[in-house]
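Heads up, the thing below is written out as structure tokens.
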There are 2 protein chains.
Amino acid sequence: MAQESPTFSPLYRQIKSLILQALEAGEWRPGQSIPSEQELAMRFSVSQGTVRKAIDEMAAENLLVRRQGKGTFVASHSDPRAMFRFLRLVPDDDSIPQRESIPLECWRAKAGHEASRILAIEPGAPIMIVRRLLRFATTPVVVDEIYLPGEVFNGLTLEVLQSWRSSLYSLFESRFGLRMIRADEKIRAVAADKSTAEILDVAEGTPLLSVERVTYTYGDRPVEWRRGLYLTEAHYYHNELN
Amino acid sequence: MAQESPTFSPLYRQIKSLILQALEAGEWRPGQSIPSEQELAMRFSVSQGTVRKAIDEMAAENLLVRRQGKGTFVASHSDPRAMFRFLRLVPDDDSIPQRESIPLECWRAKAGHEASRILAIEPGAPIMIVRRLLRFATTPVVVDEIYLPGEVFNGLTLEVLQSWRSSLYSLFESRFGLRMIRADEKIRAVAADKSTAEILDVAEGTPLLSVERVTYTYGDRPVEWRRGLYLTEAHYYHNELN
DNA sequence: TAGTGGTCTAGACCACGCC
DNA sequence: GCGTGGTCTAGACCACTAA
């Protein structure tokens, strides 16, 4: 008969979005622990099991990290376990390489049509463009061109990038308070242009993986658009299908 | 003090592996429903909540599919919702294309060094090799070369392949009782060789995505090794990162 | 209306990390 | 020993599906 709840949302999802709000508001910082399940249950006046289910989902989405006996922590790109979480390039011998990010350029620009559409900002709005090289041990393997909304990344310079000894996303997190939650990648095969070929030390025309990534923060807000060119002669992009 | 349980396994995981066993033994067929949570709880003499947690995990792994009000079902590649579950190629305009699989060749061979290693069979053991073309609407987009253990795929012929009007994995499931659970892909950029270029109707040397996939059935047993060459001029390989 | 999965609760106990 | 997350239970009630 009567449609009771056209937008029925279970209690644990409401709790989840409350925790999300707190997270977004910066109530707990990346790497820090959030209150215990008991405390949260009291705070929201629900049972511990309901809080638990909310946290379960958020842990599955890599927003939180549970550690038995210790507590629940806000996920962080500064955590060694998650440092290159989004980089799927692996050496052919499946070793874990020493990665090194080498910033090449960093300049201001105005958002063109495509950048404004993808980053959901006004055309002509300020953006930052970063070019950088990624090396595995001493081998150059990836050239990235990264587009960032200038609004958010105010104060980003080549010097800042060069003085940072860790992953880009951990810099974004620490310096700009931006937490990268998830990303979408579009992968294609392309031929290396001259300048990329030089940087990667291969012949012009060498087939490369073009990896176009849009990265999102809380609320599915896009905050990074990057295009990486991956050299796959001694490495491969690894993907697991379920 | 005493190390109580070096290999502690919670009850719900034991239940999970019992359900897995039943699944593997073919007690319930793909697409069919398994017993209700209550029935399983009685059968295994545990609470409904414990069964629920076991099923939760299996649903997350795409082994089972829950449908509220109806029951829990064995996942199937014949289900339209999961038909091309492992194919990540998408048209640039993000439309959902009409896919068509065109078998080109199918022959017997003996496993070489690499095939035997990957499929975990004896070198020299019989294998089947299938070559096929995949079209989106009328556009050729993928050429696959597929290696299958002959032991399992006894009776596979080009005629069988040609008479099947659906996805390969649904054929494997229906005809050979083989259920593909998960897969690992290694992606590279390569240049099109002459014969592939002809089939895909592009110039020789065109950059293509090389997608090497190993597919596993229950118990992490590898049962398929394939290499696909994807044309990415009007399509892209989509990947979501979390 | 009956049966299924989905939610929510309350309480007991276990495993783990740390002091 | 204490606090944390992790497991297990039992029971009540809700939402969805199909007969």
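Note that the coordinates shown come from a computational prediction; the quantities given were computed from them, not determined experimentally. Hydrogens, waters and symmetry mates play no part in the numbers below; they use all other heavy atoms, side chains included.
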- Item | Geometric class of the B:His77/B:Tyr169 ring pair [parallel <30°, tilted 30-60°, perpendicular >60°] |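 B:Tyr169 vs B:His77 ring planes: perpendicular.
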- Can you say whether the rings of B:Phe136 and B:His235 are parallel (under 30°), tilted (30 to 60°) or perpendicular (over 60°)?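 Ring orientation of B:Phe136 relative to B:His235: perpendicular.
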- Between the side chains of A:Tyr218 and A:Gln21, does any donor sit under 3.5 Å from an acceptor?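 Note: A:Tyr218 and A:Gln21 side chains miss the donor-acceptor criterion.
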Starting at [atom1] of [X] and ending at [atom2] of [N], how long is that distance when rounded to a whole Å?
| X | N | atom1 | atom2 | value |
| --- | --- | --- | --- | --- |
| A:Ile55 | D:dT4 | CD1 | C1' | 11 Å |
| B:Arg66 | C:dG6 | CZ | C1' | 8 Å |
| B:Phe73 | C:dG5 | CZ | P | 9 Å |
| B:Gln68 | C:dT7 | CD | P | 7 Å |
| B:Lys53 | D:dA10 | NZ | P | 17 Å |
| B:Tyr12 | D:dT9 | OH | C1' | 16 Å |
| B:Phe8 | D:dT7 | CZ | P | 7 Å |

- Message: A side-chain contact here means heavy atoms from C-beta on lying under 4.5 Å apart; do A:Leu23 and A:Arg179 qualify?
- Response: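 Yes. Closest side-chain heavy atoms under 4.5 Å.
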- Within 45 degrees of the axis of the six-membered ring of B:Tyr236 and under 6.0 Å from its centre: does A:Arg188 put its NZ or CZ there? no
- For the pair A:Arg213 (side chain) and A:Phe86 (backbone), establish whether a donor and an acceptor sit closer than 3.5 Å, ignoring hydrogens and angles.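 Yes, A:Arg213 side chain to A:Phe86 backbone: donor-acceptor pair under 3.5 Å.
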- Query: Within less than 4.0 Å of OP1 or OP2 of D:dA18, is there a side-chain N or O belonging to B:Lys70?
  - Reply: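 So the side chain of B:Lys70 is within the cut-off, an N or O lying under 4.0 Å from OP1 or OP2 of D:dA18.
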- Under 4.0 Å from any atom of DNA chain D, heavy atoms only: list the residues of residues 27-52 of chain B that qualify, in numerical order.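 Under 4.0 Å from DNA chain D: B:Val46, B:Ser47, B:Thr50.
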